[in-house]
Amino acid sequence: MDKLIVILGPTASGKTGLSIKLAKRFNGEVVSADSRQIYRGMDIGTAKPLDLEGVNHWMLDIKNPNELYAVAEYKKDAVAAIEDIISKGKTPILAGGTGLYIKAVVDNLDIPKVEADPVLRQKIEKDLEKYGIDYVFKKLIKLDPEAAYIIDPKNPRRIIRALEVTLLTKKPFSAQRKLGCPLFNVLEIGIDTPKEELKKRIEKRVDQMIGAGLVEEVKSLINKYGKNQQAFDAIGYREIINFLDNKITLEEALEEIKIDTWHYARRQMTWFRKDKRICWIKSPTKAEKLVKKFL
RNA sequence: GCCGAGGUAGCUCAGUGGUAGAGCACUGCUCUGAAAAAGCAGUGGUCGAAGGUCCGAUUCCUUUCCUCGGCA
C-alpha cells in the first residue's frame, strides 16, 4: 500500500514549517488539510504560508470565498492529489488542522452522497424556529429510529444533515455512514506543544496578523464578495467584520480572535487525542527520524 | 471634609432572613457534504472586614476599609 505522511496538531503549532521541511528532505509535496486555506484571498487571517520554499502545495487557493465547499468534496480532491503525487514517485504529506478532513482521507470515510440542499435546510430551520428542536428531532427518529443513538438531540446542524440525507435518499442516515478500507499506509505525526506555549504563540500570531494588514484584507474581501459568505464564518474574519460594522472596537475584536482561536485549538486537541495512531513529537528532528524509518 | 452609589465566582452583574445564581472565561467531551462550523457537560464563591439583633444573617443595624461619582 502506498505511504502517506500526515502532519497534524492544533493551530499555531508549527505544522506548515514542519511539512515544508519534511517535503524538502524526503522529496515530498504537501497537501493542505485546512478548511479555510482553500479560499483565495483569505491569506493573513488563515496564516497561509507565504513562502512555500519551492515545495509544491495542493489544496490551497482552490475556491473563491463565495463558493461552497465541504468534506466530501475535499476528500475526493485530496485523494486525487495524493495519488498524483505518488504517481510521480514523490512523497505525499497531508498537513493541516481540520480533523474531519484528515479523518475523511485517512479513514476513507464513505460520506453519504447527498449534497447540501439549501432549500431543504432552510425549511427545516424554519420548523426548528417554529416548533422547537424536540419536534424536529422526533421527526428524524420517526424516519430513522437508529439515529436516536448517534445524533445529538440538541444539535441543530447534526439533525438537519441527518434529515436531509434520510429524506433525499429515502434511506436512514444512520445506515449510510461507513468506514471504507484504508487507502494508504499512514504515518500520523502530531506536534505536541505545551498549552502555555501554544497560548502565547496564538496571542503573538494574532497581533502579527493585525500588523500584516488583516483589517485591509477583510475590507477588500467583503467589497468583492459581500460579508455573508460561509467562508467568512472563520476566526479572524467574523470578528473583523463586526469591527467594520462598528459593533465592537478593534481592541475587542483582537481579544475575541485570541479567545476564539484558543477555543479552536482546544477543540482540535480534543479531536486528535482520540486517534491513538498519532505519534506525538516535541521536536522536528524526531519527526524526521520517524519519517525516515517509515519510508 | 461632606453627600450619594457600590463592594457577591477569574470578569460583568442578578438575588434572598433559612450558608447563593446567570452570562462570559476556565476544564472535559461529541462529531461522516456548514467542521476555523454546530452542540453537550463539569469545576468554581468563608457574598469586603469586624461587631450586634435573631433559633438562624450574604440579606437587618453599627463601626471600619476600599472603589466610583457629585459638592466643597
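Chain A is the first sequence line, chain B the second, and so forth, proteins listed ahead of strands; every chain is numbered from 1.
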**Asked** Which residue lies toward the 5' end of RNA chain B, A/Asp152 or A/Ile160, if each is placed at its nearest nucleotide?
**Response**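 Between the two, 5'-proximity favours A/Ile160.
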Whole-angstrom distance between [N] and [M], as gauged at atom [atom1]:
N     : M     : atom1 : answer
B/A25 : B/C65 : P     : 39 Å
B/A20 : B/A49 : P     : 16 Å
B/U59 : B/G6  : P     : 15 Å
B/C13 : B/U27 : C1'   : 23 Å
B/G10 : B/G45 : C1'   : 11 Å
B/C40 : B/C47 : P     : 32 Å
B/U30 : B/U46 : C1'   : 38 Å
B/U58 : B/G7  : P     : 16 Å

Any ion pair linking A/Arg238 and A/Glu256 (charged N to carboxylate O, less than 4.0 Å)? no
Review point. Taking 4.0 angstrom as the limit, do A/Lys258 and A/Asp207 come out as a salt bridge?
Key: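 The answer is yes: the pair qualifies as a salt bridge.
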Looking at [X], I'd like to know whether one of its side-chain N or O atoms comes within less than 4.0 Å of OP1 or OP2 on [N].
X        : N     : value
A/Thr98  : B/A35 : no
A/Arg266 : B/C29 : no
A/Arg267 : B/A35 : no
A/Trp262 : B/U27 : yes
A/Arg158 : B/C40 : no
A/Lys103 : B/A35 : no
A/Lys199 : B/A25 : no
A/Tyr101 : B/A35 : yes
A/Arg121 : B/A34 : yes
A/His263 : B/C24 : no

Please give the nucleotide sitting opposite [N] as a Watson-Crick or G-U wobble pair, both distances under 3.5 Å, or none.
N     : value
B/U67 : B/A5
B/C47 : none
B/C13 : B/G21
B/C40 : B/G28
B/G33 : none
B/C54 : none

*Less than 3.5 Å between a donor and an acceptor, one on the side chain of A/Glu125 and one on the base of B/A34, is that the case here?*
yes
(Q) Keeping A/Tyr237 on the side-chain end and A/Gly45 on the backbone end, is there a donor-acceptor pair under 3.5 Å? (A) yes
Within the 4.0 Å heavy-atom criterion, would you say [X] contacts the bases, only the backbone, or no part of the nucleic acid?
X        : answer
A/Leu179 : base
A/Tyr237 : nothing
A/Glu239 : nothing
A/Lys258 : nothing
A/Asp260 : nothing
A/Gly45  : base
A/Asp110 : base
A/Thr261 : nothing
A/Val114 : base

Of the candidate nucleotides [options], which contains the atom at the shortest distance from the side chain of [X]?
X        : options             : value
A/Trp271 : B/A34, B/A38, B/C31 : B/C31
A/Lys274 : B/A38, B/A34, B/C31 : B/C31
A/Lys154 : B/A41, B/G33, B/C31 : B/A41
A/Ile111 : B/A25, B/A34, B/U32 : B/U32

Rounding to a whole Å, what distance do you find between [X]:[atom1] and [N]:[atom2]?
X        : N     : atom1 : atom2 : result
A/Gln230 : B/G33 : CD    : P     : 13 Å
A/Glu164 : B/A34 : CD    : C1'   : 10 Å
A/Ile235 : B/A34 : CD1   : C1'   : 15 Å
A/Arg161 : B/U32 : CZ    : P     : 10 Å
A/Ile124 : B/A34 : CD1   : C1'   : 13 Å
A/Lys113 : B/G33 : NZ    : P     : 12 Å
A/Leu198 : B/C26 : CG    : P     : 13 Å

Review point. Under the 6.0 Å and 45° cation-pi test, does A/Lys227 pair with A/Phe232?
Key: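 The answer is no, since A/Lys227 fails at least one limit relative to A/Phe232.
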Distance under 6.0 Å and angle within 45° of ring axis: A/Lys274 vs A/Trp271 =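 Yes - A/Lys274 lies over the ring of A/Trp271, closer than 6.0 Å to its centre and within 45° of its axis.
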* Between A/Ser174 and A/Asp144, do the side chains contain an N or O donor and an N or O acceptor separated by less than 3.5 Å? -> yes
Could you check whether any side-chain heavy atom of A/Asp61 comes within less than 4.5 Å of a side-chain heavy atom of A/Lys48, counting everything from C-beta outward? yes
- Query: Are A/Val6 and A/Ile189 close enough, and set up right, to give a side chain to side chain contact (heavy atoms under 4.5 Å, CB included), and what steps lead you there?
  - Reply: CA-CA 6 Å; A/Val6 178; A/Ile189 296 175; over 6 Å; no
Does CD belonging to A/Gln122 count more than 12 external heavy atoms closer than 6.0 Å?
no
